Structure formats: structure tokens, C-alpha cells
There are 2 protein chains.
Amino acid sequence: MSPRRSQLEARQTRAAIVERAVQVSSVEGLEGLTIGRLASDLQMSKSGVLGHFGTKEALQLTTLEAAIQVFRREVWERTADAETGLPRLLAICDAWISYLERDVFRGGCFLTSASCEFDGREGPVRDAIASALSRWHEALGSQARAAIDAGDLPPGSDIAAIAFQLNALAMGANQALQLFGDQSAPQAARRAMRATLSLEPQ
Amino acid sequence: MSPRRSQLEARQTRAAIVERAVQVSSVEGLEGLTIGRLASDLQMSKSGVLGHFGTKEALQLTTLEAAIQVFRREVWERTADAETGLPRLLAICDAWISYLERDVFRGGCFLTSASCEFDGREGPVRDAIASALSRWHEALGSQARAAIDAGDLPPGSDIAAIAFQLNALAMGANQALQLFGDQSAPQAARRAMRATLSLEPQ
DNA sequence: CCTACCGATCGGTAGG
DNA sequence: CCTACCGATCGGTAGG
């Protein structure tokens, strides 16, 4: 047992704080997240919570990273068995909509909420959100390129346009589910995603 | 001059508060909007600001209504000259993307931001946001129905799916512009919108 | 529309 | 990890 007992406990406490912070900020936003609220929920003192991160901004960044890990696990890693290219792209679309349907986060897609909240601001949190979304677009684009190379998408397909459309449709499904509880939205999104992937460039 | 001078001035003050509230909350969110910030910006006392609305929630609702009016003016009313049906639908798509490109709100599409911020909450503000978005979907659906009746869209077109896709693409363009400053997004969104309107049901 | 004020809560620090 | 505390700000009220 290389970590001392107190270090292990500290790590578990920190993990519990982050887990709670993800759930709270999924509903209240990363700005609406407060140290006092977390301390109260976890029956700790405020300084006990803050001590693990130093500043609220560091807590926000850690919370964001944890939420990104959840998205990666629930969408990206779930499709690891699919063949690179169109098969994986189709699997990603299904896993993505499923992730929205399963209410993985109480406030809907964490990255979509965070993006809306910070897209008019500046600073490290905004930059981290933009970076994560940018990497996701690249992951989608990479699969689209493989699909073209395999002959599963037309050679002239616009890779960026495919990533843009898939992302937009997921955002639309998220809004329809969260705001209206529209149970037909996942189906509509899946169909439109499939149309995007079989009709490019037109 | 039927309104007395003091009433007229009060109305102008109120209008100035709402205008400022729209700009502030477009960046900070409707929850991030504070009475103190508004008072400071407008060089008024907090109670002078709050007196026009009573509560913060009433201020939020008034601010939201004002932002909806801006959207209506910048997107819906701009297309009033277009013929009902497909022509107006196409005009709406252009005006919608143009509204995003012109940065009408500093924080991007107000309704999209508000929807993300409140979709995990309850209460009158959330309800007002859902109602406004619902009416917009209906306006789009109504034009789509007219387009079908005129023979400009196939008889089997899924009206709700068209509204869903157009809305999703506008959300995607908003994110790409606000978060990445992606100048190719408006073009990508316009193309995808046109594809939606010429390829339904497939 | 103002001043003056309320209790609550904010992020954060000192010291242990 | 705690208690005790800081100045600032929150939404809101009383009274004029």
C-alpha cells in the first residue's frame, strides 16, 4: 500500500467533491457552482472543499475535465469495437443520442451547457471548453476521413461540414429533450445524422 | 402629451434598464444578471432599478421578452415581404444566420443561451423560454406546411423534423461562431439548411 | 427616484 | 481537514 492512509482518504474526498461538482454544475452551470453549496452537500467546511483546488477557477477546470471524461467514456469508448470509418461514425451517432436519452447529466449535455455559458467570456475555462469541443470535431472528422478512404463516403465529402452537422443535430436533440421532453427528438436526430452520412456532399 | 413628464421619464428609465439588462445577460446569463451591476452601469441606486420590476425574477422575464422581440424583429419581420411557404422559409434561414453573423447579441443567440441555462431548472423563466422556442418551432412548421401545400416540398415531408433540423443547424452555427469564431460556419449552416429544405423526406 | 439598512452568501485567507 | 474570520456583493425592504 504505497499511498499512506491519509493521502488515500484525501484522494477519495477530492473525488467525491469533483463528482458532486459535476452533477451540481450540470444544472446550475460552472459559474453557478459555489464552494458553500458543495461544502453543505458533502457536510464539509468551505475551506475543506477549497483546499483541494485552491481557487474556484481551478475547481471549475477540474469539474470540466471530469465531465469530459464522462462524455468520452459514454460516447467515444462505447464505440471502440466498431471498425474505423463509417461504421464507427454511425456507432458514435447512436451512442451520442443514447447518452442524451439516458440523462447521463441531469442538466443535459455538459459540454453544450458549458459552451453556451462561456462562449461570450474569456479565460482558461472558456479555452478549455473550446479545446475539448475542437478535439471532438477532430475526432469526428478523422472518422469521416477514414470513411472516405474506405469508399464509404463520396471522395468530395466536406469533412468539416459533416462534423458540424452531426454536432448541431446532437445539440438540437439535447435542447428538445431537456426543454420539451420531446421523445421524438432522438429519432429525428438519428435520422438526420444518417442522412448527413449518406448524402454528402449532397 | 397625455403622459405626464414624470411618467414619460420613468418609462424611458425602465426602457434603458431593460436594454442594458438584455446586453448584460446575453453574456452573463439571466441568473448572472444582478441588480447591483445594472445600477452601477446606469449610475442608479439598486432600489431605483428594482423598483421598476419588483423582483429579480420579474426583471428576468421582462429581459427575456425584450430579447425575444429583438429576435422577432431581426429574423421574422425581416422576411415579411417573402411569399408564405418555401420562399419565406428560405428567407428566414438567411435572416437567421445573418442575425448570428451580425452579433446582434454580444453573447450570441439569446434564446439558445437562455435555453441552455434554464433547461435543467423549473419555474416561470424556464417556462417562458420553452414557450418562446415552441412558438418559433410552430412558426417554422407553419411555413413548411404552406410550402407543402404549394407543392414546393414533397407531400410526405415531416414538418416537425424540418423545424428540428433548421433549429439544430442554427444552434450549431451559433456555437461555431461564438466559441471558435469559425467564419465558415454560416456557409455550412446555410447549405445544410437548404439541403434540409430540398431533400425532405429524403 | 434616493439613502440607509437587513440577513445571507460569495470567494478566499489565517492559523492550526 | 477544521474554526474563525475578511471585505464584497447578493436580493430585497423601510421610509421618504
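All values reported here derive from a predicted model rather than from experimental measurement. Scope of the values below: all heavy atoms of this structure, side chains included, with no hydrogens, waters or symmetry mates. Sequence lines set the chain letters: A, B, ... in the order given, protein chains first and strands last, and positions in each chain run from 1.
- Salt bridge absent: B/D149 and B/R145 never bring a charged side-chain N and a carboxylate O closer than 4.0 Å.
- A salt bridge links A/R190 with A/E101; the closest basic N to acidic carboxylate O contact falls under 4.0 Å.
- For the side-chain contact (heavy atoms from CB on, under 4.5 Å) with A/L64, the lone residue among A/I129, A/L59, A/V22 that qualifies is A/I129.
- The six-membered or imidazole ring of A/W76 lies away from that of A/W96, with a centre-to-centre distance of 6.0 Å or more.
- Atom CD in A/Q60 sits about 9 Å away from atom P in C/dG11, given to the nearest Å.
- Distance, A/L30 CG to C/dG11 P: 13 Å, rounded to whole Å.
- Distances were taken from every side-chain heavy atom of B/T55 (C-beta onward) to each of C/dG12, C/dC2, D/dG12; the shortest belongs to D/dG12.
- Atom CE of A/M44 and atom C1' of D/dT3 are 14 Å apart (whole Å).
- If you check C/dG15 for Watson-Crick or wobble pairing at under 3.5 angstrom, you find it paired to D/dC2.
- Picking from C/dG12, D/dT13, D/dC2 the nucleotide with the shortest atom distance to the side chain of B/S47 gives D/dT13.
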Can you give me the N/O atom pairs linking the protein to nucleotides 7-10 of chain C at distances under 3.5 Å, or say none if there are none?
residue	atom	partner	partner atom	Å
C/dC10	OP1	A/T34	OG1	2.9

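- Environment of CD in B/Q69: crowded, with over 12 heavy atoms of neighbouring residues, nucleotides or ligands closer than 6.0 Å.
- Salt-bridge annotation for A/D119 and B/R106: absent, with no side-chain N of the basic residue lying under 4.0 Å from a carboxylate O of the acidic one.
- Here C/dT13 presents its P atom at 16 Å from CZ of A/F53, a figure rounded to the nearest Å.
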